[in-house]
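Reviewing the structure listed below.
For clarity, every value in this text was computed on a predicted model and none was experimentally measured.
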Protein chains: 2
Amino acid sequence: MTTDTMNGTEQHYRIGDFAEMTGLTSPTLRYYEKEGLVKPHRSENGLRYYTDADVNWIKFLLHLKSTGMSIDQLKKYVQWRAEGDATIPKRLDLLKSVREDFMKKMDDLDHSLTILNDKIDWYSGKTDGRISDSEGFAEYLENMNHAE
Amino acid sequence: MTTDTMNGTEQHYRIGDFAEMTGLTSPTLRYYEKEGLVKPHRSENGLRYYTDADVNWIKFLLHLKSTGMSIDQLKKYVQWRAEGDATIPKRLDLLKSVREDFMKKMDDLDHSLTILNDKIDWYSGKTDGRISDSEGFAEYLENMNHAE
DNA sequence: GTTAGACTTTAAGTCAACTTCAAACAATTA
DNA sequence: TAATTGTTTGAAGTTGACTTAAAGTCTAAC
């Protein structure tokens, strides 16, 4: 039972409010619309309005975007979505491959964090004398078994 | 005891080889040099050459870069590095703040991965009938206690 | 009813981080 | 020695993702 079926009202959000709700700006939303990523409705007088479904969609889209998907890749997903349930397998495959790539990227980021931590430790060791003046960072990494 | 002290030879790498070693391109290396991120040496005839120390530096720089640091921010770090050990505290502070920001960003990425996983599960559930036709993704997330 | 602020459009501008180009010089290979 | 490949420079071009501008229309508050 959704809010809709409960009271028959559907919230309409104008672009400014919707922008605030999603953390985007109005120009960005018009840009996304031009790129086909979101399709707001129009009131009689020509003003855009967005609904709660659009809020959910944009939130999910922003998650996809933060995995590294480009506007062009998102566009493909949106097109499939518009074609209906028949494209669910395609969408599923796309999301799985996005996940694959994303997890690899996160592994790299984890490694970068390790190196960053090591460098901070190494500097700290230099500062408090825990690490000898002559020990370079490369050797330090090697001793920690942290390649690169 | 370093390789240097062991045999007195120091490897010299020309820009193409160095590019391959670091995963960058020659133009990118020239661009980084112009921005002050790396200072190769020059042989008598004017050709750039890089050393193992430069390899280590670029590798570290790329880790910093993948935490989200911009060329401009890296430039600041490089300047401090050139000023000698007196700036170690500054560099340490900078790296710690970079780490702070980076860890927050990784938390966000973790969350995006969660949502992506949920969406994949949801689609899979739709496909194999495990999730009812009428259950939307937003409700599914709510049931999983995964906000947004 | 007037006015400030939000909205509409199309088009041009911005930004970071490269990438490509052109023309001349250096090094390697046949 | 000739040809090919690599390097040099400065400057211009590219890309993705917005952002800003300009000029007009709509809405809400007073």
Side-chain angles (χ1 to χ4, degrees), chain A residues 11-51 54 57-78 98 101-102 105 108 112, chain B residues 11-51 54 57-78 98 101-102 105 108 112:
Chain A
Q11 292 289 338
H12 287 197
Y13 309 107
R14 284 169 50 178
I15 196 168
D17 293 331
F18 187 70
E20 193 160 351
M21 292 169 75
T22 55
L24 299 172
T25 66
S26 299
T28 300
L29 283 166
R30 293 191 196 98
Y31 166 70
Y32 280 6
E33 181 179 351
K34 200 181 66 182
E35 294 300 314
L37 300 189
V38 60
K39 265 202 197 47
H41 312 262
R42 297 282 177 153
S43 54
E44 298 163 12
N45 42 53
L47 298 192
R48 287 171 181 83
Y49 69 84
Y50 300 80
T51 67
D54 296 318
W57 163 242
I58 289 286
K59 281 182 179 171
F60 177 60
L61 175 144
L62 291 178
H63 283 300
L64 286 188
K65 202 161 128 30
S66 64
T67 69
M69 282 181 80
S70 67
I71 302 286
D72 272 6
Q73 289 176 301
L74 290 167
K75 218 181 291 190
K76 192 163 80 178
Y77 183 86
V78 172
V98 165
D101 296 349
F102 186 45
K105 226 167 18 180
D108 288 349
S112 286
Chain B
Q11 292 289 337
H12 286 197
Y13 309 107
R14 282 168 50 178
I15 196 166
D17 293 331
F18 187 70
E20 194 160 351
M21 293 169 76
T22 56
L24 299 172
T25 66
S26 300
T28 299
L29 283 165
R30 294 191 197 99
Y31 165 70
Y32 280 5
E33 181 180 352
K34 201 181 64 179
E35 294 299 315
L37 299 188
V38 61
K39 268 204 195 49
H41 311 259
R42 297 281 178 156
S43 54
E44 297 163 11
N45 42 51
L47 299 192
R48 288 171 180 83
Y49 69 84
Y50 300 80
T51 67
D54 296 318
W57 162 241
I58 289 285
K59 281 183 178 169
F60 177 60
L61 175 143
L62 291 178
H63 282 300
L64 285 187
K65 201 161 129 30
S66 64
T67 69
M69 281 182 82
S70 67
I71 303 284
D72 271 6
Q73 288 176 303
L74 290 168
K75 218 181 289 190
K76 192 163 80 177
Y77 184 86
V78 172
V98 165
D101 296 351
F102 186 46
K105 228 168 19 184
D108 287 350
S112 286

Pair B:N45-B:S43, side-chain donor/acceptor within less than 3.5 Å
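A pair is found: one side chain offers a donor N or O, the other an acceptor, under 3.5 Å apart.
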Mind running a 4.0 Å heavy-atom check of residues 28-47 of chain A against DNA chain D and sending the residues that fall below it, in number order?
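Only A:T28, A:Y31, A:Y32, A:N45, A:L47 qualify.
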Please state whether the rings of B:Y77 and B:F60 are parallel, tilted or perpendicular, taking 30° and 60° as the class boundaries.
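Because their plane-to-plane angle lies in the 30° to 60° range, the rings of B:Y77 and B:F60 count as tilted.
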What is the distance from atom CG of A:L61 to atom OG of A:S66, rounded to the nearest 0.5 Å?
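The distance works out to 10.0 Å.
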Can you tell me how far CD1 of A:I15 sits from CZ of A:R48, rounded to the nearest 0.5 angstrom?
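Answer rounded to 0.5 Å: 5.0 Å.
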Taking every non-hydrogen atom, the tightest pair across B:I58 and B:F18
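In this case the closest contact between B:I58 and B:F18 is CG1-CZ, 3.7 Å.
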Range on DNA chain D touched by chain B - first to last nucleotide, heavy-atom distance under 4.0 Å
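Nucleotide range with atoms under 4.0 Å of chain B: D:dG6 to D:dT9.
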Whole Å only: how far is the [atom1] atom of [X] from the [atom2] atom of [N]?
| X | N | atom1 | atom2 | result |
| --- | --- | --- | --- | --- |
| B:L62 | C:dC18 | CG | C1' | 14 Å |
| A:I15 | C:dT9 | CD1 | C1' | 12 Å |
| B:D17 | C:dA27 | CG | C1' | 12 Å |

Give a yes/no answer on whether the side chain of A:R14 brings an N or O atom under 4.0 Å of OP1 or OP2 in C:dA6.
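No.
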Counting just side-chain N and O atoms, does A:S26 come under 4.0 Å of either OP1 or OP2 of C:dA6?
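It does not, given that no N or O in the side chain of A:S26 lies less than 4.0 Å from OP1 or OP2 of C:dA6.
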Would B:V38 and B:Y50 satisfy side chain to side chain contact (heavy atoms under 4.5 Å, CB included), going step by step from the backbone distance to the final call?
CA-CA 9 Å; B:V38 61; B:Y50 300 80; 4.3 Å; yes
If you count every heavy atom of other residues, nucleotides or ligands that lies below 6.0 Å from A:K75 atom NZ, does the total exceed 12?
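For A:K75, atom NZ is crowded (more than 12 foreign heavy atoms under 6.0 Å).
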Pairwise side-chain hydrogen bond (donor to acceptor under 3.5 Å, both in side chains) hits with a residue in residues 15-26 of chain B, at least two apart
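side-chain hydrogen bond (donor to acceptor under 3.5 Å, both in side chains) check on residues 15-26 of chain B returns B:T25-B:T28.
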